[in-house]
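Data block below; observations after.
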Amino acid sequence: MTAMRPLPGVERFEPLDLVDPTLADRPYRCDPAPDGRPSASVDLPPAPLAVPARMAGCADLLAAYASGTLTPAAVLSDLAAAAAVDPSGAEAILCVAPDAADLARDSERRWREGRPRPLEGLPFGIKDIVDVAGAKVTSGSLFTGERIAAQDADVVARLRAAGAIPYAMTATTEFACGSPHNPRHGTVTNPWDASRWTGGSSTGSGAALAARLVPFALGTDTGGSIRVPSCWCGTTGLKPSRERVSRTGVAPLSWTLDHVGPMTRSARDIALVLPHMVAAPDATFAARCAQLVTDTPDLSGPRIGVPADWFTDLVSAPVLANWRAALDVLAALGAELVDLPPVDVAPMHEAGWTILLSELAAHHEARHPQGHLFDRGLLARLEQGMHISAGAYGRALATRRRAQEAFLAAMEWAGADLIATPGLGGEPGDLATLTLDVDGVAHGFQQVLSRNTMIFDLTGFPALMLPSGFGAMGLPTGLQIVGRPGADAVCLAAGVAFQAATPHHKTLPPRLRS
């Protein structure tokens, strides 16, 4: 580790919402094309598909479409056939979007006519709190009845305009805040081990990706709900910088903490789809992402902050070993590792939960008299939120700004462009006991699941979760890469480089290996 510079005064840092997001991407040389014309499109060389359609990632599918070796309709047929026999199909996928087949035929016509859009014909899953026009969107709740969405959420509309196909509604815990055992749709088990959970609340998106039933999916993240299932399902997910992706048309849990983001099988595929999801299209950001799709970035130059204490205190030995091995890989690729100064995360973590529970209560308190219809986990959290005072909520909101300043100050002190933490503290948790094992000690989900993730919902920093290897039970573990505000492309560059050097994200759950 390198020596650290004196800590500057934190007053020099602006709160997150005022930070210029373009400043954070500087450590990587993701420049526009040589002619100076940045583009959101990715030039993929035509190539035959070497694997079954369901096993192909986003970039592979686009290349196969371009070569004429595969069509969007054939992919939808392959995915549907797989879902009909794979256990995750019944659990993770609630229904197929009503116009998916028509959209596939339109995509085929566009490919034939030589006018494909950037994501032409890519089917994707949509967490069941995100509106898709004409689809039943239930939020995993008995309260929503047979609600049909009148129009697309902003993020779905943007992906649709780029040629992607809203394909399948994927399961969620109730209102993205319930227990694993959903009262309306049942439990989504982990494709790696059916006795284990996928992690909440983007349960269906995580399981469908791991089971190769969709090439990418939408999730939401309020305390870790993109990153937790990505960690436990051995997939890759990004919680983008706050407000990079619009929340319009997404059922709210916490207006302060909610984020919408992509869940895929690789960081490269996130770089492919993310520019077409963003609320404010940015040609420079799109060009940086496009370069990550076609080229593996050089990690020489960026400094990665290595934390201690909070992020490593409640973490099993195998997870820590995989994290340290991942750091060694990043260092071997050219990144410089620097010790991050301690940050008192505990009160910030508590503040995040105070905000989440308070805002949950604001949304659902009127339903409390019918509490027997709620999932028991959500009901317990709702009642917690109903007893939080306005003063406690206000103090928690003030802590949010202090958390932003503290982490920016720590990164400045260490000269860190990124932070790399372990993912979750243990391998996927046990559905029968609702606990996970940390070196032989069983801990309740509430104690561990959001411990390393909630803080970055509170600060709004971009955070990428990707597989780091496997634990003692042979189940996935995770690595979290966190950037400064707006540094989504920097996180993705580190993720792309790491995955180019490691096989973890390519490993299939046991039942798919035959």
Side-chain angles (χ1 to χ4, degrees), residues 14-25 30 38-42 58 117-119 122 124-127 129-133 137 149-166 176 202 205 216-222 225-227 237-264 267 269-290 292-293 359 400 404 456-464 482-492:
E14 296 291 339
L16 172 66
D17 297 334
L18 299 180
V19 171
D20 179 355
T22 65
L23 298 180
D25 284 330
C30 297
S39 172
S41 299
V42 178
C58 297
R117 295 163 292 183
L119 303 182
L122 286 183
F124 65 99
I126 307 99
K127 183 176 180 177
I129 64 169
V130 181
D131 280 356
V132 176
V137 182
Q151 60 187 26
D152 286 338
D154 182 86
V155 63
V156 173
R158 291 179 185 278
L159 286 168
R160 191 191 293 267
I165 299 173
S202 304
S205 291
F216 81 99
L218 296 180
T220 64
D221 196 308
T222 305
S225 297
I226 287 172
R227 291 162 291 158
L238 176 72
K239 183 201 75 62
S241 294
R242 179 160 174 79
E243 305 297 3
R244 187 178 281 279
V245 178
S246 170
R247 292 173 288 128
T248 301
V250 180
L253 169 56
S254 164
W255 57 83
T256 300
L257 304 177
D258 289 346
H259 297 70
V260 179
M263 301 172 67
T264 67
D269 277 353
I270 291 179
L272 177 64
V273 303
L274 181 60
H276 306 286
M277 297 170 56
V278 299
D282 179 332
T284 301
F285 175 72
R288 287 169 173 156
C289 287
L292 294 176
V293 176
E359 295 176 358
R400 175 174 176 260
Q404 295 164 355
F456 301 114
D457 290 290
L458 185 70
T459 62
F461 290 14
L464 176 70
V482 180
R484 297 170 185 252
D488 304 57
V490 185
C491 294
L492 290 173

Run the side-chain contact (heavy atoms from CB on, under 4.5 Å) test against [X] and tell me which residues pass, sequence neighbours left out.
| X | value |
| --- | --- |
| Ser246 | Asp154, Thr248, Ala279 |
| Thr222 | Leu253, Ser254, Leu257, Asp258, Leu356 |
| Ala162 | Leu119, His276 |

List the atom of [X], the atom of [Y], and the distance in Å for their closest heavy-atom pair.
| X | Y | answer |
| --- | --- | --- |
| Val130 | Ala153 | CG1-CB, 3.7 Å |
| Cys289 | Leu492 | SG-CD1, 4.4 Å |
| His259 | Arg247 | N-CD, 4.4 Å |
| Ala267 | Leu464 | CB-CD2, 4.4 Å |
| Cys58 | Asp269 | N-OD2, 2.9 Å |
| Ala150 | Ala133 | O-CB, 4.1 Å |

Going by heavy atoms in the side chains, are [X] and [Y] under 4.5 Å from each other?
| X | Y | result |
| --- | --- | --- |
| Val137 | Ile129 | no |
| Pro281 | Arg158 | yes |
| Asp131 | Val156 | no |
| Asp221 | Asp457 | yes |

Please round to the nearest 0.5 Å and tell me the distance separating atom [atom1] of [X] and atom [atom2] of [Y].
| X | Y | atom1 | atom2 | result |
| --- | --- | --- | --- | --- |
| Phe124 | Arg160 | CZ | CZ | 7.0 Å |
| Ile126 | Leu218 | CD1 | CG | 6.5 Å |
| Leu159 | Leu274 | CG | CG | 9.5 Å |
| Gln404 | Leu458 | CD | CG | 7.0 Å |
| Met263 | Thr220 | CE | OG1 | 9.0 Å |

Look at Arg288 together with Asp488 and state whether they make a salt bridge at an N to O cut-off of under 4.0 Å. no
Polar side chain donor-acceptor pair, Ser205 to Lys127, under 3.5 angstrom: no
I'd like to know if the side chain of Ser202 and the backbone of Ser225 have a donor-acceptor N/O pair within less than 3.5 Å. yes
Within 45 degrees of the ring normal and closer than 6.0 Å to the centroid, is that where the cationic atom of Arg227 sits relative to Phe456? no
